[in-house]
Amino acid sequence: MLLKNTKSLCPICKKVLDAEITEKDGKVYINRTCPDHGFFSYLYWDDVEAWRRYEAFGVKGSGLENPQVVREISNCPYDCGICNNHKSTTLLANVDLTNRCNLNCSFCFANARACGYIYEPTFDQIKDMLTILRSEKPTPAPAVQFAGGEPTLRDDLVEVIRLAKSLGFMQVQLATNGLIIAQDPDYALKLKEAGLSTVYLHFDGVSKETNFKLTHDLKAIENLKKAKQGVVLVPTIIKGQNDHEIGDIVRFAAEHIEVIRGVNFQPVSFTGAASPEDIERQRITIPELLDCIEKQTSGSVEKEDFYPVPCVVPISDFVEAYTGKPQLKFTAHQHCGAATYVFVRDKKIVPINRMIDVDAFFDSIERLTTQLTSAGPISRKMVAINGIKELYGSVKKSEEGGRELWTSLGKALITHNFDSLREFHWNALFIGMMHFMDNYNYDVERVSQCCIHYATPDGTLIPFCSYNSGPVFREEVWKKYSQPFE
């Protein structure tokens, strides 16, 4: 059965093709036919009912007011970027600091040994990239993640982090394998003092069988804890390899809540050569991962506790209506990811849904925004205060902690001062996932709404899934600014 039409790519020649998203036997597939290479059908989501639930949250943003590329007719994903037809601003920017690495993982595409050359932008080039990101309109990019390769191999990483903070990035993240942090106890503190917000630690499991660098990870987490540096675990999930430890990873994070702020699962993306057998055997979709979380946590965290990224757009609309100022809007595609917050209390994991009726909360926010839009500047605060009383009804009275969370949310919404959410965030554990695309499940509509963009030395911004798959702009950028590998 046809669910919707979109565009995709031929996985062989990468030609843009008309595509259909269809349902068969309760699963969702993306189908297209290349005139040269024939018909292709690949799994998109494992659960059509979950697909429909998330589809209802779809919202299109208005993109950048100052795009780098202007095209009358879009040829997405080949017009990067970011072009005037793109629907989202940059919420998180990735900057590759190097392709050098001190590991040689089989599934990694960012490896100087495999490339045969070094990609390592200069400090001045990095400054130019960050400046472009902060010049975006209507809202500057708020967050940057330094990645690679292994960014800790750069001698000037501390200076790069300081630069990002000085340019106004609210959130500065570091994607790392943690080896150098594990080896040098003082290094974590240097990063923290430079202004680093979060360490995104590649962490594939809680056993030596699933995580060959587990000993180093534990030491890195210990050193980061001493530095009071927040950590988000980033496991790449491959079916048949580490999907049986998904619940264990969540429990590990909860047991180390004093330093670990979240888990951001990444279902495997087949960015290199992959056989049909590999894809069939190892592919895991967002609904399957959510099923694993529910089953492996014995129902402590349920599939229905998760929401797609654009679910929070009503909050941005509310703040924009209340303040009259443009706000960041999380207009990522509804099928890119899922997330929730859980609270860890006395070793018990309590999802935010047990404290707040999330659906009722968002419905109330939308009604309140409509009222604010028609109110004059003087009456806005009164409208907001009265509306907050309605929002109070979304608090679940039966669960301890609901009223505390409500107090923090209310302060943030009325005063536009999000410091009140700091305690909420630090007492909670974020659980999320982003399923980055590959040439087999490629959906051009998702690319056009991507809010995770790579900045490049030539001044362009490129969506994650056209940088690493599809056109694979990564190779083009790296080769253009490469040095010989010695």
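Note that these values count all heavy atoms, side chains included, but never hydrogens, waters or copies made by symmetry.
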Handout entry: Candidate pair R283 and H435, rule side-chain contact (heavy atoms from CB on, under 4.5 Å), full reasoning
Key = CA-CA 11 Å; R283 171 76 79 198; H435 193 171; 3.6 Å; yes
Would you say that [X] contacts [Y] through its side chain, given a criterion of any heavy-atom pair below 4.5 Å between the two side chains?
X    : Y    : result
F306 : I286 : no
L103 : H202 : no
L17  : S8   : no
Q68  : I132 : yes
V160 : P151 : no
V158 : L191 : yes
F146 : L196 : no
Y481 : T456 : no

Do the side chain of [X] and the main chain of [Y] share a donor and acceptor less than 3.5 angstrom apart?
X    : Y    : answer
Q229 : S197 : yes
T285 : D46  : yes
N84  : P67  : no
N66  : K137 : yes
K60  : K87  : no

Answer yes or no: does atom [atom1] of [X] have more than 12 heavy-atom neighbours from other residues, nucleotides or ligands under 6.0 Å?
X    : atom1 : answer
K14  : NZ    : yes
K4   : NZ    : yes
F330 : CZ    : no
K165 : NZ    : yes
N5   : CG    : yes

Practice task
Could you please spell out the steps behind the side chain to side chain donor-acceptor pair (under 3.5 Å) verdict for E150 and T176?
Solution key: CA-CA 6 Å; E150 176 48 48; T176 176; 2.7 Å; yes
Where do [X] and [Y] come nearest, in terms of heavy atoms and distance?
X    : Y    : answer
N441 : I30  : CA-CG2, 3.9 Å
L289 : M433 : CD2-CE, 3.7 Å
P121 : D96  : CG-O, 3.4 Å
D305 : N353 : O-OD1, 3.3 Å
R32  : L9   : NE-O, 2.9 Å
T89  : G63  : CG2-O, 3.5 Å

Practice task
Report the residue from T460, T90, N94 that forms a side chain to side chain donor-acceptor pair (under 3.5 Å) with H453.
Solution key: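 Exactly one option meets the side chain to side chain donor-acceptor pair (under 3.5 Å) with H453, and it is T90.
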Problem - For Y42, ring pair (Phe, Tyr, Trp, His ring centres under 6.0 Å) partners two or more places apart - result: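 In terms of ring pair (Phe, Tyr, Trp, His ring centres under 6.0 Å), with neighbours along the sequence ignored, Y42 is linked to Y440.
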Fill in the blank from the handout: The ring pair (Phe, Tyr, Trp, His ring centres under 6.0 Å) partners of Y442 (sequence neighbours excluded) come to none
Taking the inter-plane angle between the rings of [X] and [Y] on a 0 to 90° scale, is it parallel (under 30°), tilted (30 to 60°) or perpendicular (over 60°)?
X    : Y    : answer
F464 : F436 : parallel
Y54  : H335 : parallel
F430 : Y341 : perpendicular

Practice task
Salt-bridge test for K190 and E193: reply yes if a basic N is under 4.0 Å from a carboxylate O, no otherwise.
Solution key: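 Not counted as a salt bridge, because no side-chain N and carboxylate O are separated by less than 4.0 Å.
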Handout entry: Side-chain ion pair, E304 and R53, N-O less than 4.0 Å
Key =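 A salt bridge is present here (some side-chain N lies under 4.0 Å from a carboxylate O).
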Within this structure, what is the [atom1]-[atom2] distance for the pair [X] and [Y], rounded to the nearest 0.5 Å?
X    : Y    : atom1 : atom2 : result
S88  : I452 : OG    : CD1   : 10.5 Å
Y454 : I82  : OH    : CD1   : 13.0 Å
M434 : S269 : CE    : OG    : 11.5 Å
T139 : R134 : OG1   : CZ    : 9.5 Å
M437 : S469 : CE    : OG    : 6.0 Å
E20  : L2   : CD    : CG    : 5.0 Å

Problem - Pair Y29 and Y44, ring centroids less than 6.0 Å apart - result: no
Exercise for the section: Show your reasoning for whether side-chain contact (heavy atoms from CB on, under 4.5 Å) applies to R71 and Y78. Expected result: CA-CA 11 Å; R71 294 283 187 271; Y78 291 98; over 6 Å; no
Exercise for the section: List the steps, then state whether side chain to side chain donor-acceptor pair (under 3.5 Å) holds for D124 with T122. Expected result: CA-CA 5 Å; D124 287 340; T122 66; 5.5 Å; no
Practice task
Just do the side-chain contact (heavy atoms from CB on, under 4.5 Å) check on L233 and N264 with the steps written out, would you?
Solution key: CA-CA 6 Å; L233 304 180; N264 198 2; over 6 Å; no
Exercise for the section: Evaluate the criterion side-chain contact (heavy atoms from CB on, under 4.5 Å) for residue pair F203 and V231; output intermediate values, then yes/no. Expected result: CA-CA 11 Å; F203 184 93; V231 179; over 6 Å; no
